[in-house]
Amino acid sequence: MPEPHALVLPRAQQEPLRRSLSVIVPMLNEERGIGPLVERLQPVLEGLGLEWEVIFVDDGSRDGTLAILKGLNARDPRFKAISLSRNFGKELATAAGLTYAGRDAAVIMDADLQHPPELITEFVKHWRSGYEVVYGQRLDRTADSLAHRLSARAFYVLFQKLSGTSLPEGAGDFRLLDRKAIDAMNRMRERVRFNKGLFAWMGFRSVGVPFVVPPRHTGGSRWRPRQLLRFALDGLASFTTIPLRVWSYIGLVISLFAFCYAVVFLVKTVLFGADVPGFPTLIISVMFFSGVQLLSLGIIGEYLGRMYEEVKGRPLFLVSEELGIDKGAEPQESQTRSAQLHDG
Ligand code: UDP
Ligand code: MG
């Protein structure tokens, strides 16, 4: 058992094995999507010449998703499922699936057929030729609204400029991870999670496979605009501290400016005497500086809040039910946690 902060990745030295595959599908209220998904996914998986399993992660669905997953597991035990105790969000649901993925590689995909299962064949081909990460690369986003596309574009540019970690153009969550990359993901214990950033951060030999995103199979996107904004903020905050640090520079510039102004003011008073008006300047500067202070306090609050979230050290997710999960594939979370307990 490596200590939690060891730099060597657990299985990095071993010969790569490429015999089996886990497919991870996070789901929120997808009862109508499961049937069509399995219908298209299963033939693809059968054709790979690999031993496979599918791990559905029921992310606190309120419809019949779990019941359908039970039926599926009874029919074919290679379709497994874990059910989270409530809705934890797609990022954490994916993290949960990855801790249960016990095979040589894992494919992460959406349940709504916006990630065409046929592409997995291509992913596996690249994996066999030695790539450790293969990601689907969206060619166009015509399925999304214009506002969604524009804000996504702005986010990518901002993220790149601020964090120094570049997100590959159009790369989403649809991807194959080799065992090494799965282990690396499982060792990232942060609660406020931004998978796209984590994928880019961890590196490994990667290649993109272009594909066109079809419209959603049933229903609308499970994201609401407010959640998307929150998601973008979390992503930025977990990869850059520039917003936190930039205030010292702004403060420096403002104080220099104030100093120069004070000198000018002094000279003027000495030469021409004091002029009592100037009240507007006073009010304006008071307002300006209280604004700057509140803003910077707010930004410190954003980071402090996130640190508080992490420091609490709660588990990333809670599982209420496991379907067809073999005991060997216990999630690695418990191991990490017990290791930390011993350290303390
Ligand atoms: N999803 C989830 N938990 C959530 C929201 C979404 O597991 O809280 C799943 C959803 O069921 C789907 C995938 O994440 O399988 C992508 O969701 P969606 O299609 O709504 O997102 P979009 O394609 O608009 O990015
Ligand atoms: Mg979708």
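Note that ligands are numbered from 1 as they come in the structure, with each ligand's atoms numbered from 1 the same way. Values below: all heavy atoms of this structure, side chains included; hydrogens, waters and symmetry mates excluded.
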May I ask you to list the atoms of ligand 1 that are less than 4.0 angstrom from any heavy atom of Gln114?
-> 19 (O), 23 (O)
Should Glu31 and Arg62 count as an ion pair when the cut-off is N to O under 4.0 Å?
-> no
Could you tell me whether Ala93 and ligand 1 have an N or O pair separated by under 3.5 Å?
-> no
May I ask you to decide if the ring planes of Phe194 and Phe159 are parallel, tilted or perpendicular, using 30° and 60° as cut-offs?
-> tilted
So, Asp59 and Asn87: side-chain donor and acceptor under 3.5 Å apart, yes or no?
-> yes
Could you see which bit of Leu28 sits under 4.0 Å from ligand 1, with heavy atoms only: side chain, backbone, both or neither?
-> both
Just jot down the ligand 1 atoms closer than 4.0 angstrom to any heavy atom of Asp59, in number order.
-> 2 (C), 3 (N), 4 (C), 7 (O), 8 (O)
With backbone taken as N, CA, C and O and side chain as the heavy atoms from C-beta onward, which portion of Asn87 lies under 4.0 Å from ligand 1: side chain, backbone, both, or neither?
-> side chain
Which atom, among the N/O/S set of Asp112, is closest to the Mg ion (ligand 2)?
-> OD2
Numbered in order shown, the ligand 1 atoms found under 4.0 Å of a heavy atom of Met27 are 7 (O), 11 (O)
Would Glu132 and Arg205 pass as an ion pair if we require N to O under 4.0 Å?
-> no
Report yes or no: does Asp110 have an N/O/S atom closer than 2.8 Å to the Mg ion (ligand 2)?
-> no
Short list, please: which atoms of ligand 1 are under 4.0 Å from a heavy atom of Glu30?
-> 10 (C), 11 (O), 12 (C), 15 (O)
Does the separation of the ring centres of Phe174 and Phe211 fall below 6.0 angstrom?
-> yes
Ionic contact status for Asp110 with Lys90, cut-off 4.0 Å = yes
From Met185 CE over to Ile108 CD1, what is the distance, rounded to the nearest 0.5 angstrom?
-> 6.5 Å
